[in-house]
Protein chains: 2
Amino acid sequence: MIYVNLPKQRPQPITLEEVATRAGVSAGTVSRVLNGKNKENRPAIAKRSEKIRQIALDLGYRPNAAARSMLRGAFRTAAFVTCGDPGIDWYPITGLNGIHAALTELDWRLIYNEMPASQIGDPDIVPQLLRETAVDGLIVNLLPYFVEETVDYFEAQPLPCVWLNIKREVRSVYPDERTGGEIAVESLTRSGHKRIGFFSRSFGNPIHYSSIDRLGGFQQAIKLRDLSSHRHLPLQSARPDRGAFQQRAEQFLSSFPDVDSVICYESAEVSSLTVAAERIGRRVPDVLEIIGFSERNIHDTFGMNAKSLIIPFHETGRQAVNMLQRILETGNRDASSIAIPYSLLED
Amino acid sequence: MIYVNLPKQRPQPITLEEVATRAGVSAGTVSRVLNGKNKENRPAIAKRSEKIRQIALDLGYRPNAAARSMLRGAFRTAAFVTCGDPGIDWYPITGLNGIHAALTELDWRLIYNEMPASQIGDPDIVPQLLRETAVDGLIVNLLPYFVEETVDYFEAQPLPCVWLNIKREVRSVYPDERTGGEIAVESLTRSGHKRIGFFSRSFGNPIHYSSIDRLGGFQQAIKLRDLSSHRHLPLQSARPDRGAFQQRAEQFLSSFPDVDSVICYESAEVSSLTVAAERIGRRVPDVLEIIGFSERNIHDTFGMNAKSLIIPFHETGRQAVNMLQRILETGNRDASSIAIPYSLLED
DNA sequence: TTGTACGCGTTATCAG
DNA sequence: CTGATAACGCGTACAA
């Protein structure tokens, strides 16, 4: 007898019991057969098992994930958390790709969740994700604007969580931005360039570690090769006014009129710089070669003539999943953070 | 007695039973109190209920979503599906934002799922999402390259699904691209422009409806105002070679040397066209004003001097959720498709 | 190898 | 308003 109010007309999914009834065996047997727990040595058994599998297939049997989760005491589900605030939030799709890929290998599900910055401090608002027990762990991508308080907030939850794209001592996975600068300089010098600059419109308070490290990696690589450095503007923390992006690009080019190649912090800098260069008659890439950090190929995506230093977000996502799984398996939360090196420079 | 192998040291979540024990009442009572099923008229009752709530809070009780799902016969979960193939896949983050926002209002969860194009035809590969019963419905975003077969594949599943960003008669939600062209032309004419062009690098086979409709909306708006049309290159279906993006922009400018303003299919066209224009000394936006279709503000994101016609993906996502919910509630799968009009033109 | 019985956590029902 | 009970679907220990 059904005593729970069910939505009208929802076709009930097939249960183990129904498969069992059709096959003339018990539910336990069907479960064992479908899960391959029988050896099926004797031909008669094998044949009957085959029949059971066929019936399950015909009926479209799909085990109920909730029932399995209950029995198991775990959900085989991780949640990706990001702030989602329009205009503020940013996260790489390639990172989601990597997380999904790694979870798929484990046969886990991925829950996508947004938590607005405005809600995270508020004790009255408990987001749905934390109101119920529904996932085994969190993979959190948050912006530097509110890292301090937010880290504590999540770490206080009874769920293991790993961090994306922030530099911490434990439980974080992030691109090793310094190696990017090295690869870019290496590529440019191999092409014969000697007067290499670094262009960034970086802003934000505090400044994201990637702004500091991409510049740092560039400077280190330049020094290593005894090339003169200093072809970059100082980092700025205030958000630029409207139109200031172009101005900054123009300022960069007039400050360093001799640059023959530039490494750009992101694709936005590539566009701005390309426009500013063409405006003063310096053709890209003939006269000015550009390499930009980007989550995806800059030429194919934006139509700019620049090489792309692919930020290893995909691998970052994969490793975050692995770290989370290790924490869950061992129960040991003290996982050292991992820096993922760059390796791809695409045309 | 525990008879299931549990992962080592996983701290067991608090159950209703434990809260009940601490409070000296039964589990049923705790459930009722926490769910507000009691009126709590008498002061003594109210006080005891308060105590129960406090204990639940102290212990960090969080209802188990799996248990609830089982009892309910539904998961309160929808899955967003996209192909995820690197370099091929594309979907707007703002769409995810909209889906998440609408689901949050319903207190539903969102599962993120990728299904590679290569797997969808393959009967031997059943993706995890469809192997278990774990969601109530699907919201599917797929590219035109393999729509035909894919639609059938998903529609054959025992799950209700709605479609994103494709034009179909039923169960799809998509931006009404024609209104975008209207708004753009309206804005440009108000600024005094009369020689308006439309630039697209569109490719793909079949060509996506947005390529056809953005151009169509533009042409209609031009005709409506008795402005001469034809300032656009023919659509092309073959994927352009490397570097062809810039060439196409240059070709556009040399074909229509008199254009005073251009509507671009996407932000990539905005960049390419801006560079090509600056290269021949036509400054943007002084001499050539540009408006581009984009999921997000083109100036802020890419540093280009162009206005942004914000594609209503957010609303598209919201409406898709609403449609799915209506289908689930009524059991009636025949939901007419919805075209979401444009409204935002950002500086 | 099979059927039986049990329990995972929660909530609706029903008698007190 | 409360406690006891049953039931959701599944997987496994147990005895046959």
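Chain letters run A, B, ... following the sequence lines, proteins first, then strands; residues in each count from 1.
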- Message: Pick the closest DNA chain D nucleotide for A:Ala65 and for B:Val30 by heavy atoms, then say which residue is nearer the 5' end.
- Response: B:Val30

- Taking for B:Met70 and for B:Arg32 the nucleotide of DNA chain D with the nearest heavy atom, the one nearer the 5' end belongs to B:Arg32

Look at the side-chain N and O atoms of [X] and state whether any lies under 4.0 Å from the OP1 or OP2 oxygen of [N].
X       : N      : answer
B:Arg72 : D:dC8  : no
A:Arg48 : C:dT2  : yes
B:Asn35 : C:dT11 : yes

[X] near the nucleic acid: base, sugar-phosphate alone, or nothing, with a heavy-atom cut-off under 4.0 Å?
X       : value
B:Leu16 : base
A:Arg42 : nothing
B:Glu40 : sugar-phosphate
A:Thr15 : sugar-phosphate

Starting at atom [atom1] of [X], determine the distance to atom [atom2] of [N], rounded to an integer number of angstrom.
X        : N      : atom1 : atom2 : answer
B:Leu34  : C:dA12 : CG    : P     : 13 Å
A:Arg76  : D:dC10 : CZ    : P     : 15 Å
A:Leu71  : C:dC8  : CG    : C1'   : 6 Å
A:Glu17  : D:dA7  : CD    : P     : 13 Å
A:Glu132 : C:dT10 : CD    : P     : 10 Å
B:Lys37  : D:dG3  : NZ    : C1'   : 17 Å
B:Ile14  : C:dC8  : CD1   : C1'   : 16 Å
A:Gln12  : D:dC10 : CD    : C1'   : 16 Å

Proximal nucleotide (of [options]) relative to the [X] side chain:
X       : options              : value
A:Asn64 : D:dT2, D:dG9, D:dG3  : D:dG9
A:Pro63 : D:dC10, C:dG9, D:dT2 : D:dC10
B:Arg68 : C:dC8, C:dT11, C:dT1 : C:dT11
A:Thr29 : C:dG3, D:dG11, D:dC1 : C:dG3

- Task: Flag the pair B:Asn64 / B:Arg68 as yes when at least one side-chain heavy-atom distance between them is below 4.5 Å, and no otherwise.
- Result: no

- Query: Of A:Ser26 and A:Ala67, whose nearest nucleotide on DNA chain C comes first from the 5' end?
  - Reply: A:Ser26

- Item | Partners passing ring-ring contact (aromatic ring centres under 6.0 Å, His included) against B:Phe154 (at least two apart in sequence or in another chain) |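 Checked B:Phe154 against ring-ring contact (aromatic ring centres under 6.0 Å, His included); matches are B:Trp163.
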
- Query: Out of curiosity, A:Thr94 OG1 to A:Glu315 CD, how far, rounded to the nearest 0.5 Å?
  - Reply: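 The CD atom of A:Glu315 is 11.5 Å from OG1 of A:Thr94, to the nearest 0.5 Å.
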
Locate the shortest heavy-atom distance separating [X] from [Y]; write the atom from each residue and the value.
X        : Y        : result
B:Pro160 : B:Leu328 : CG-CD2, 3.5 Å
B:Glu17  : B:Ala27  : OE1-CB, 3.8 Å
B:Ser172 : B:Met323 : O-CE, 3.9 Å

- With sequence neighbours left out, write down each residue that passes salt bridge (Lys or Arg N to Asp or Glu O under 4.0 Å) with B:Glu40, or none if nothing qualifies.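 Result, salt bridge (Lys or Arg N to Asp or Glu O under 4.0 Å) vs B:Glu40: B:Arg53.
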
- Kindly calculate the angle separating the two end axes of the helix from C:dT1-D:dA16 to C:dG16-D:dC1, each obtained from five base pairs, and round it to 10 degrees.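 Between the axes fitted at each end of the helix from C:dT1-D:dA16 to C:dG16-D:dC1 lies an angle of 50°.
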
- Message: If you apply the rule side-chain hydrogen bond (donor to acceptor under 3.5 Å, both in side chains), what do you find for A:Arg62 with B:Gln157, and how did you get there?
- Response: CA-CA 11 Å; A:Arg62 290 177 161 93; B:Gln157 300 297 329; 2.7 Å; yes

